[in-house]
Amino acid sequence: MAMDPNPKRFPILSYVLARIPSLSPRSPRTETDIEQPASPMSRNAPHHSSHPSSSSPRIVDHMPHLSDPKLLASMTSAISDVAKTRSVLKNLGERPDHEAVDTAKAKLADVESKLSTKLQEIVLSSRPADVELLEWRAHLAQQENECREAADKEKQVYKAIVQLDAMHEAYEKMLKEAEERLVKIYESAERRLPEEQRLDPVNEEVNEDVARILQEANEKQIDRVSLSGRRLRFLPEQFGRIRGLVVLDISCNQLKIIPDSISGLENLEEMNASSNLLGSLPDTIGLLQKLKLLNVSGNKLHALPDTICQCRSLVELDVSFNSLTYLPTNIGHELVNLQKLAIQLNKIRSLPSSVCGMSSLRYLDAHFNELHGLPQAIGKLTQLEYLNLSSNFTDLNELPQTFGDLSSLRELDLSNNQIHSLPDTFGHLENLKKLNLEQNPLETPPMEVVNKGPDAVRTFMSKRWLEILEEEDSKRTLAVEEQGQTGWLTRSTSWVKTYVSGVTETVSGIVGSPKSPKDPFLDQQL
């Protein structure tokens, strides 16, 4: 359940909450250790409720005082706010995805804009000559109230989405603070903090290598800088003045922020900031109009700034191994030159529909996320050659029918998911050379076909597709034949009706007329 704290991010909090009887989940979701994936048997085994202590033996081994009843009681009391909030959110539902929230905000702004226009029209409307001033003002007030009530009613649904998202955001912050409180309580119980766990005070002095580079940049033009593995804690603002810089490597350091002045690197084409401690990227990153390669993998990013969509020259973007839960809504509409997108090892629940607009995309790696599915228009990625959707586990259980339109796809990994059937159009993937379907409860195609390789799977699905088409064609033919028979009967009935109608009119004309003209021949004497 989304409201349950992730044991990897909040180990102590998860341990304590699991021991509150009213909050213990009935069917706990299996958590997967990224560094130590679950065995195939454990993935396919049915979930059974068990005592919480059996699910987290490692944390007790590392923190033995957690078994102390008094300490556990103290911790339980300290997280009462989390327990209450969790119960509320459990009733309200899971967090809406980023695209739904953005859409709701846009709808709210649209409703407000229309309301403002209507109110302005009401204020500027002219009073009829036969209406008293006080009566007119009362009429205007009533119209204004009706407009506001209608707008409020329309906004209710969208407000609910935005408010639910805000509550989940606050809950995430609450979880983090609760985990910090529990850590302090545990440390207090131990009455000691090991020296080896203490971090050295942050050295705010400019690193010697950085100082040398800044000095060198004042004397001559520099186009490449490599500061990888220098244990840097920060970059000075002056770094943004190296206008001629084309390649910047600041990977494998201890950077928590990148200065806003990075926007001054107007000629920057490649930046590697992987394996740091970055919690966010500056909004000014969108000003790097020439940036082609950006690697920020292995950080602590929870979101990407919307301005990253303005880096329209990007060809490769690697944001893997972070804590992202979504991608910017318009990322696909703007990054039309992107060829490689690596988002693996995050917590992304859905891809924005705009991703289908990445017409140049050739490589997409989204394994080890929480994807519930793919956008319906995914088949528009006709240049895509490599796709990895493995290890989304119970979240990913089906693929859209447009999947067969990925005409350039050569490598596909769908292992460790809950896919029961491949889409009927799967046989259209004529260029597919590598396929991994392991650890899925597949029924179509059967495993004996899967084990023969991608060609056998494609052939099986192609035959299935033809059978479906033939069946539909037979149904259409039968429908046409039935319609033809019905049409013949209808035409025959219509002819009979017309004939009878004609005869009826003739008879009526002869018999029913009160003054039928006499034929002179009949009056002649024989």
Side-chain angles (χ1 to χ4, degrees), residues 2 85 88-89 91-125 139-174 260 263 279-289 301-312 314 317 319 323-336 338 343 346-358 372-378 380:
T85 305
V88 172
L89 287 178
N91 293 327
L92 291 178
E94 294 189 358
R95 186 173 186 174
D97 60 57
H98 184 63
E99 191 169 5
V101 175
D102 277 359
T103 301
K105 289 179 179 178
K107 291 288 186 181
L108 286 173
D110 184 53
V111 172
E112 285 290 345
S113 176
K114 290 179 179 178
L115 176 62
S116 177
T117 302
K118 287 182 180 179
L119 293 179
Q120 189 174 6
E121 291 174 354
I122 292 173
V123 172
L124 296 177
S125 59
H139 173 69
L140 293 182
Q142 182 180 357
Q143 277 192 320
E144 181 179 340
N145 287 335
E146 289 176 354
C147 286
R148 291 187 183 279
E149 287 176 2
D152 288 340
K153 186 176 181 180
E154 188 177 355
K155 289 191 293 185
Q156 282 180 355
V157 176
Y158 306 124
K159 275 186 175 180
I161 294 174
V162 175
Q163 289 171 354
L164 181 59
D165 180 69
M167 290 181 69
H168 277 277
E169 182 71 27
Y171 181 62
E172 283 285 329
K173 184 178 180 181
M174 183 184 293
D260 290 335
S263 60
S280 63
L281 296 178
D283 288 333
T284 55
I285 198 170
L287 298 174
L288 301 178
Q289 295 295 302
L301 300 175
H302 291 278
L304 297 176
D306 289 336
T307 54
I308 201 170
C309 299
Q310 299 170 16
C311 299
R312 296 182 180 89
L314 270 178
L317 176 60
V319 293
S323 298
L324 300 177
T325 56
Y326 64 89
L327 296 176
T329 300
N330 294 320
I331 191 169
H333 295 321
E334 303 291 343
L335 302 185
V336 294
L338 197 68
I343 57 174
N346 279 288
K347 299 168 186 175
I348 298 172
R349 292 176 290 172
S350 63
L351 297 178
S353 55
S354 66
V355 165
C356 303
M358 292 181 171
H372 288 71
L374 297 176
Q376 287 299 319
I378 194 70
K380 291 183 178 180

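Heavy-atom basis, side chains included; hydrogens, waters and symmetry copies ignored.
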Got [X] and [Y] here, is their nearest side-chain heavy-atom distance under 4.5 Å?
| X | Y | value |
| --- | --- | --- |
| Ile331 | Met358 | yes |
| Thr307 | Ile285 | yes |
| Asp165 | Arg95 | yes |
| Leu304 | Val319 | yes |
| Thr325 | His98 | no |
| Lys105 | Ile161 | no |
| Leu115 | Cys147 | yes |

Are the side chain of [X] and the backbone of [Y] linked by a donor-acceptor contact shorter than 3.5 Å?
| X | Y | result |
| --- | --- | --- |
| Asn330 | His333 | no |
| Ser116 | Ser113 | no |
| Gln289 | Gln310 | yes |
| Glu99 | Ser353 | yes |

Considering all heavy atoms of both residues, which atom of [X] and which atom of [Y] are nearest to each other, and what is their separation?
| X | Y | value |
| --- | --- | --- |
| Ser263 | Leu287 | CB-CD1, 3.6 Å |
| Arg349 | Asp97 | NH2-CA, 4.4 Å |
| Cys311 | Gly286 | SG-CA, 3.9 Å |
| Pro305 | Pro328 | O-CG, 4.0 Å |
| Ile348 | Tyr326 | CG1-N, 4.1 Å |
| Ile378 | Cys356 | N-SG, 3.5 Å |

Presence of salt bridge, [Y] and [X], under 4.0 angstrom:
| X | Y | answer |
| --- | --- | --- |
| Lys153 | Glu149 | no |
| Asp110 | Lys114 | yes |
| Lys155 | Glu112 | yes |

What's the separation between atom [atom1] in [X] and atom [atom2] in [Y], rounded to the nearest 0.5 Å?
| X | Y | atom1 | atom2 | result |
| --- | --- | --- | --- | --- |
| Leu317 | Leu338 | CG | CG | 6.0 Å |
| His302 | Lys347 | NE2 | NZ | 7.0 Å |
| Leu124 | Leu140 | CG | CG | 10.5 Å |
| Ile308 | Leu335 | CD1 | CG | 7.5 Å |

Exercise. Can you spot which of Val101, Asp102, Asp306, Thr103 makes a side-chain contact (heavy atoms from CB on, under 4.5 Å) with Thr329?
Key: Asp102
